[in-house]
Amino acid sequence: MLKATLRSFLAHKGRLLLSALAVLLSVAFVTGSLIFSDTVSRTFDRLFASTAADVTVSPKEDLDEAVPSGRTATLPAALAARVRQVDGVAAARADVEVHGLTVVDEENEPVGPTTGAPTLGNAWNPNERSPVKLTSGHAPRGPAEALLDSETAGRKNVRIGDTLTVIAPPGSFRVRVVGIVTFTTTNPGSALIYFDTPTAQTKLLGRPGTATAIAVDAAEGVGDGLLKQRVADALGPHTYDFRTAGEQAESDVEQLGGFLDVIKYVMLGFAGIAVLVGVFLIVNTFSMLIAQRTRELGLLRALGADRRQVRDSVLTEALLLGLVGSTLGLAAGIGLAAGLIGLMGLLGMNIDADEMEIGWVTPVAAYVVGLGVTFVAAYLPARRAAGVSPMAALSDAEVAGVGRPLRVRAVAGAVVGAAGAAALAGCAVSRQTSSAASLLGLGVVLTLIATVIAGPLLVRPVIRVLGGAFPALFGPIGRMSQRNALRNPRRTGATAAALMVGIALVGGMSVASESMTASFDRQIDKTLGADFVIQNSNFQPFPPEVTAKVRATDGVGLVVRGRFTPVAVRLPDGDRVETTAAGYDPRLDEVANITYAQGDSAAALASGHLAMDRDFARDHGVRVGSTLPVRFPAGRSAELTVGALTDQDSAEGFGTQGGLFFGMGTLERYAPGGQDSALYVNAASGTGDGDLRANLEETLEPYPQVQVRDLADYKQLVQDQIAVLLYLVYALLGLAIIIAVLGVVNTLALSVVERTREIGLLRAIGLARRQLRRMIRLESVVIAVFGAVLGLVLGLVWGVCTQQVLALQGMTALAVPWLTIVLVVVGSAVVGVVAALLPALRASRMNVLAAIAHE
């Protein structure tokens with residue numbers, strides 16, 4: 001049996017090629033994502049471990065900034081002198097590092113990266129752990145000199161002697177580049193600019209004698225843990241944060257982890273789609289191969305092979321297929337990881353591909369996925385093969401199971417579908433976001449399974465409608481193509497299911513994203529009353545000098561500042577909620593239309609007061625007049641009175657949890673040092689919007705990071721953010737379509753082999769090559785459109801239910817992208833035509849007499 005199995009596998013290797021390709025894609029995305037994330041993680045582990053001081057003393061921060069406030073936490077630089085007196089300290093230095101700078105050249109063009117990585121300003125304090133070394137020029141001396149990293153200088157064509165403008169939180173200042181530093185470790189994509197320590201303190205932090213951290217080097221023989229304890233005892237264990245080199249490196253990696261996780265999970269999402277769609281392809285392939293080998297399997301049974309041996313023979317073929325696909329997929333995954341590393345290099349993150357990290361988990365995952373997918377997909381066809389009777393060897397029929405009733409499928413599909421529909425209905429009526437999201441996920445999975453199970457039951461009624469015009473348009477050729485698609489509902493359903501999955505995903509996400517866009521547009525129209533909004537292009541805060549210059553611009557009548565800060569609120573029900581609150585200037589009502597359930601803007605912005613979302617307040621037992629303990633950064637606390645409750649329909653959709661905001665005076669009192677994140681500007685009387693915009697853009701020309709937006713621009717900004725998610729979905733659809741095309745090609749190719757004698761007879765009675773090709777193309781098109789229709793129906797249901805979940809977050813508009821739906825249907829027909837090209841060409845080139853004589 002083993003010898004027969006190996007011979008059978010080698011005899012059908014061409015027919016299994018496309019299935020192996022599906023396994024290859026699945027494994028490649030899994031292994032590529034693992035290798036890439038492991039390589040980047042290990043690279044940064046080494047970077048942070050090699051550059052972290054033995055002990056780092058930093059300001060105590062117990063609030064996370066979900067939205068940047070522009071505030072830089074500091075501590076006294078004089079602490080370095082106290083730390084040097086601690087037993088076991090070899091050296092201590094005051095470090096200054098400020099994120100979010102903007103550096104421009106003499107043409108006001110940004111010098112820093114535009115890919116999202118920050119521009120960092122640092123004090124030049126070289127030591128053996130520095131990530132850079134001075135390779136040309138000299139160290140900065142005085143407030144007008146700076147160093148720039150070589151990669152930024154090369155990318156932006158900056159040379160020693162050039163003048164740059166640094167836009168820092170305290171204000172802008174000009175410097176001359178006097179030296180170039182080169183990275184000794186991996187550059188995470190940032191731009192680095194260095195100043196002498198007094199300049200960094202005064203120009204970057206705005207306060208002389210301050211620092212952002214104290215770096216401590218241990219004396220020989222003193223462990224990091226012991227030194228940390230001694231330094232903490234000397235300074236007070238609860239006054240600052242103390243981290244060893246390992247703890248600091250771990251903290252840095254955690255901050256980077258979000259970025260790495262996004263890439264990893266996106267890649268695994270692609271792998272999941274490839275696995276899911278590949279299962280359909282492999283099931284269909286083995287089902288057709290077994291149907292074509294009915295007589296062969298019957299002969300094996302007649303010669304003495306029992307059911308178990310036949311089943312194991314088919315499963316062995318599947319495992320051989322999985323082994324080949326996994327091996328090739330592992331190699332392709334290494335190539336994919338190398339490509340991603342190269343892409344990161346184009347974005348400014350230089351990772352050495354020669355140091356690619358391939359842990360033991362990666363090959364294990366490759367073979368588990370590859371072998372697992374093929375084994376699971378081939379199990380049902382293998383059981384069907386085991387059921388072939390020895391008498392089948394005496395039969396002329398090669399297609400097994402065509403006429404078997406679909407009653408079991410009908411019952412199973414109905415039960416699973418009813419459970420899925422109940423979950424989706426529960427999602428639609430649920431009032432809790434978490435439970436609604438859980439029911440949505442359950443409903444999506446169950447309805448997908450139900451559609452796959454019941455797909456063959458839908459083949460005949462749906463394809464009769466979709467192909468109803470074929471006989472009138474194409475005559476007998478159209479009728480035969482329709483009947484060929486109807487001949488084996490199981491095969492047609494399985495072939496279409498691969499395409500259905502991808503289109504259902506796109507349909508659901510398109511409805512959700514279109515609904516989000518419509519909801520945000522509606523909310524912007526409803527709430528934004530300012531003529532213009534001034535914001536940083538990447539939502540980072542900007543220095544106060546921008547606000548001052550905007551106020552002084554000709555034609556500006558009113559400017560209302562918006563600023564954010566992290567807070568922790570202790571609520572009456574005992575919950576402690578960490579969130580982001582906003583601060584606004586008076587006259588907020590003139591630039592925003594806020595709906596209040598109780599109170600008004602005057603009460604909300606009064607000193608010592610705050611406003612809160614009505615639903616959040618109700619859930620936590622808060623009322624107007626309640627006094628809440630609020631903790632601000634740097635350990636500041638206050639008792640604030642709830643002055644107003646808002647009813648914005650966007651509860652958490654537009655902002656952060658709780659919708660908290662208060663007056664700018666309250667914010668500056670308890671969280672000083674922040675920067676403005678938005679300016680809401682109205683034109684002065686007699687000034688037109690066009691004139692004001694021109695004036696504002698002229699004012700802000702030296703600040704390329706800051707943008708002037710009107711209502712339409714603001715809507716477009718939101719749409720662009722949502723579009724990123726949609727592009728990802730389209731990429732997933734593209735992958736699903738590639739594998740679905742492979743499935744249709746495979747099905748048609750095997751179908752042509754199966755119908756060789758039939759095709760030969762048709763050709764013998766006068767069917768032309770062109771007519772044969774058309775018949776196969778029409779069959780392919782109707783199968784592809786059938787899958788698209790099922791996918792769109794499923795996707796629309798998912799999308800509507802997803803919108804119901806989003807409505808709980810304030811995004812209440814439902815919008816259906818009809819143009820996208822039409823394009824998907826048309827595109828599926830094109831997919832059908834493309835998938836049929838090779839099988840149709842092969843069929844048309846058959847020798848007529850050889851085809852008639854085919855057994």
Side-chain angles (χ1 to χ4, degrees), residues 70 98-122 124 132 135-138 140 142-183 187 189-195 199-200 203-204 346-349 532-554 675-676 679 690-709 713 717 720:
V98 176
H99 294 236
L101 299 182
T102 299
V103 181
V104 298
D105 59 20
E106 295 179 350
E107 304 296 326
N108 282 333
E109 292 294 327
V111 170
T114 58
T115 56
T119 298
L120 306 179
N122 300 268
W124 178 245
V132 296
T135 52
S136 60
H138 62 81
E145 296 184 350
L147 306 177
L148 190 65
D149 73 272
S150 59
E151 293 179 9
T152 301
R155 188 168 55 248
K156 298 297 183 177
N157 198 28
V158 177
R159 296 181 175 83
I160 292 177
D162 289 353
T163 299
L164 303 176
T165 300
V166 180
I167 305 171
S172 301
F173 60 99
R174 292 168 66 83
V175 293
R176 185 169 58 89
V177 178
V178 296
I180 300 295
V181 296
T182 302
F183 281 94
N187 175 14
S190 304
L192 299 185
I193 185 167
Y194 287 90
F195 314 91
T199 300
K203 299 290 189 179
L204 301 184
L346 295 177
L347 298 178
M349 183 183 291
F532 294 100
V533 179
I534 311 295
Q535 277 184 319
N536 195 310
S537 57
N538 57 2
F539 304 104
Q540 293 291 325
F542 44 79
E545 70 180 65
V546 172
T547 303
K549 292 193 175 184
V550 168
R551 289 187 190 278
T553 300
D554 290 341
Q675 300 180 65
D676 298 332
L679 302 177
D691 293 336
L692 178 57
R693 179 166 198 150
N695 293 342
L696 288 171
E697 289 177 345
E698 183 179 355
T699 296
L700 296 174
E701 187 176 352
Y703 308 94
Q705 81 278 23
V706 182
Q707 307 294 322
V708 181
R709 298 187 177 98
D713 296 330
L717 176 68
D720 291 343

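Values below: every heavy atom of this structure, side chains too, minus hydrogens, waters and symmetry copies. Residue numbers count from 1 along this sequence.
With a 4.5 Å cut-off on side-chain heavy atoms, Val158 and Asp105 do not count as touching. A 4.5 Å side-chain heavy-atom check between His138 and Glu145 finds at least one atom pair inside the cut-off. Proximity of Pro702 to Val104: side-chain heavy atoms (C-beta onward) are nowhere separated by under 4.5 Å. Inter-residue side-chain proximity for Thr547 and Leu679 is flagged as met; some heavy-atom pair is nearer than 4.5 Å. Looking at Asp691 and Asp554, their side chains never come closer than 4.5 Å, going by heavy atoms from C-beta outward. With contacts defined as side-chain heavy-atom distances shorter than 4.5 Å, the pair Phe195/Lys203 does not qualify. When side chains are defined from C-beta on, Pro140 does not count as touching Thr199, because their heavy atoms never get closer than 4.5 Å. A 4.5 Å side-chain heavy-atom check between Ile180 and Val177 finds at least one atom pair inside the cut-off.
More than 12 heavy atoms of other residues, nucleotides or ligands sit less than 6.0 Å from atom CD of Glu697. Annotation for Arg551: atom CZ counts as buried by contact number, over 12 foreign heavy atoms lying within 6.0 Å.
Here the CG-OG1 distance, from Leu692 to Thr553, works out to 8.0 Å after rounding to the nearest 0.5 Å. Between the CG atom of Asp676 and the CD1 atom of Ile534 there is a distance of 11.5 Å, given to the nearest 0.5 Å. For the atom pair NE2 (His99) and OG1 (Thr119), the distance works out to 11.0 Å, reported to the nearest 0.5 Å. In this structure, Asn108 CG and Thr165 OG1 are separated by 7.0 Å, a value rounded to the nearest 0.5 Å. Rounded to the nearest 0.5 angstrom, Glu106 CD and Arg174 CZ are separated by 6.0 Å. Atom CG of Leu696 and atom NZ of Lys549 lie 13.5 Å apart (nearest 0.5 Å).
When all heavy atoms of Pro704 and Ile167 are compared, the pair lying nearest together is CD-CD1, 4.5 Å. Nearest heavy-atom pair across Thr152 and Ser190 is OG1-O, 4.4 Å. Residues Glu545 and Gly171 approach most closely at OE1-CA, 2.8 Å, considering heavy atoms. Among all heavy-atom pairs drawn from Pro543 and Gln705, the shortest one is CD-NE2, 4.4 Å. For Leu101 against Pro169, the heavy-atom pair with the smallest separation is CD2-CD, 3.9 Å.
In this structure, Thr102 contributes its side chain and Pro110 its backbone to no donor-acceptor pair below 3.5 Å. Under the 3.5 Å distance criterion, the side-chain polar atoms of Asn536 are left unmatched by any main-chain donor or acceptor of Phe542.
Gln707 pairs by the side-chain contact (heavy atoms from CB on, under 4.5 Å) definition with Ser537, Arg709, not counting sequence neighbours.
Of the listed residues (Leu192, Val181, Val111, Ile160), just one forms a side chain to side chain contact (heavy atoms under 4.5 Å, CB included) with Leu148, and that residue is Val111.
No donor-acceptor contact under 3.5 angstrom links the side chains of Asn695 and Arg693, judged on distance only.
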